[in-house]
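A short worksheet on the structure shown next.
This one's a predicted model, so the numbers in the text were calculated from it and none came from an experiment. Start at 1 and go down the list; that is how both ligands and their atoms are numbered.
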Amino acid sequence: MYLESEDGGVSILVVGSVALDTVETPFARVEETLGGAASYFATSASLYSQVNLVAIIGSDFPREHIDFWHRRPVNLAGLRIEEGRTFRWAARYHMDMNSRDTLDTQLGVYAGFHPIIPEDYRSSQLLFLANIQPELQMEVLEQLPRVHLSVLDTMELWIMTARSQLTEVIKRVDVLLMSEEEVRQYTNRSSIVSGVRQLLDMGLKYVVVKQGSYGALLFGADGTFFSAASYPLEEVIDPTGAGDAFAGGFLGYLSTIEPKQDGHYSVDEIKRGVVHGNIIGSYVCEDFSIGRLRTLTMDDVAKRYRSLVECSHFDPDWCPR
Ligand code: AMP
C-alpha cells in the first residue's frame, strides 16, 4: 500500500531506512523511538525544501510519525507500508559519544524491499542515498539517471558485507559522505588524506569526511580542501542520526540555490552546504530521535551559522617579520 502524493516544486529525493530505534547513552535510554537514516534526513531537509521519501515501513509503524511528516513538506507517495515488522535498530553509546556499539539490527520489511520511484518524484534534482543496502541504492540510481547532484552515505556493515556492490555505487555518485573510521575501513589506509585520494580517483567530485564532534572535512577532485568546525555543544543527549541530519542540512541548503548553467554547484556553495550540515547535525544531538528537529527554525540555523563564522575566522594578514 502507498499513501497519497502531494504537489511540490524543487525537491530532494531520499531513499533509506525508516526505523524504530532503541538507544542507550550513559545517562538515559529510549525504546522504539522514530529513527532511520531517511527519517533524520527527511525531517532535516524539509526545513529547506520538499523532500520525496522512498522507504518501507511495517504495519506496526506508529501513525503519529506519518501524521508529523504530513505537517511538513515531506512527500510520502514513495513510502510503502507492508504487513510485517518495521526495521529495528538498537545501539549503546559510550562516555565518548563519538563511539557506539550496535546491539541489534532487524531488517524486517526491508529484507524483501525493492524501491520504486513514483512518477512525480522523477523530476527530483537532488538525491540522497541514505544508509541502506548498496544494491537498493543502485536500484534507485538506475531509476534516476539525470539528477544534478547525488550524495551517498553508508556504514561499516555494508563496507564489510557488501563491498563490491558499494564500490559500484560509489563509482556512480557525485559526493560521498564517510566517517573517518569508514574511510580507513574502506580504503585500508591509515592516512585520511591518502584514503580520500583513493576515493576521489574512483570518479567522485567530493568526499566529505565526518569527524563526529570535531566537524567535517571537504575534499574535492579539483583540489579543494575545506575544514568546517563543529558547533561546540555543551551537552550531547544522543548523536544518533547526526550524519543523516548533516546530509539534510547539506542538500537542504543546496536545494535553495540555483545551480550553474551546467547543473553544477560552485565550490563556495558546496562549502556553505557543509556548514549547514554541521549546524543541523549539531541540533539533532540535543535530543533523542528527531526531537530537536521538530521545533527547529531557520532563525536557529542562522544563529549557529553566525557563531561558526566567528569562531572559524582568523586574521589572514599575518606574516613573519
Ligand atoms: P547515524 O547516527 O547517522 O549513523 O544514523 C543512525 C540511524 O541509521 C539510526 O536511526 C538507525 O535506525 C539507522 N541504521 C542503523 N543501521 C542501519 C542499517 N544497517 N541500514 C539502514 N539504516 C540503519
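Relative to the six-membered ring of Tyr186, Arg163 meets both conditions, a distance below 6.0 Å and an angle of at most 45° to the axis.
Electrostatic pairing of Glu32 and Arg88 counts as a salt bridge here, judged by a charged N lying under 4.0 Å from a carboxylate O. Between Arg294 and Glu286, none of the side-chain N atoms (NZ, or NE/NH1/NH2) sits under 4.0 Å from a carboxylate O, so this pair counts as no salt bridge.
Listed by chain and number, residues touching ligand 1 at under 4.0 Å (heavy atoms only) are Ser17, Ala19, Asp21, Gly35, Gly36, Ala37, Tyr40, Phe87, Trp89, Arg100, Asn131, Met155, Leu157, Trp158, Thr240, Gly241, Ala242, Gly243, Asp244.
Partners of Phe128 by ring-ring contact (aromatic ring centres under 6.0 Å, His included), not counting sequence neighbours, listed by chain and number: Phe41. Phe87 pairs by the ring-ring contact (aromatic ring centres under 6.0 Å, His included) definition with Tyr110, not counting sequence neighbours. Residues satisfying the ring-ring contact (aromatic ring centres under 6.0 Å, His included) criterion with Tyr253, sequence neighbours excluded, are His276.
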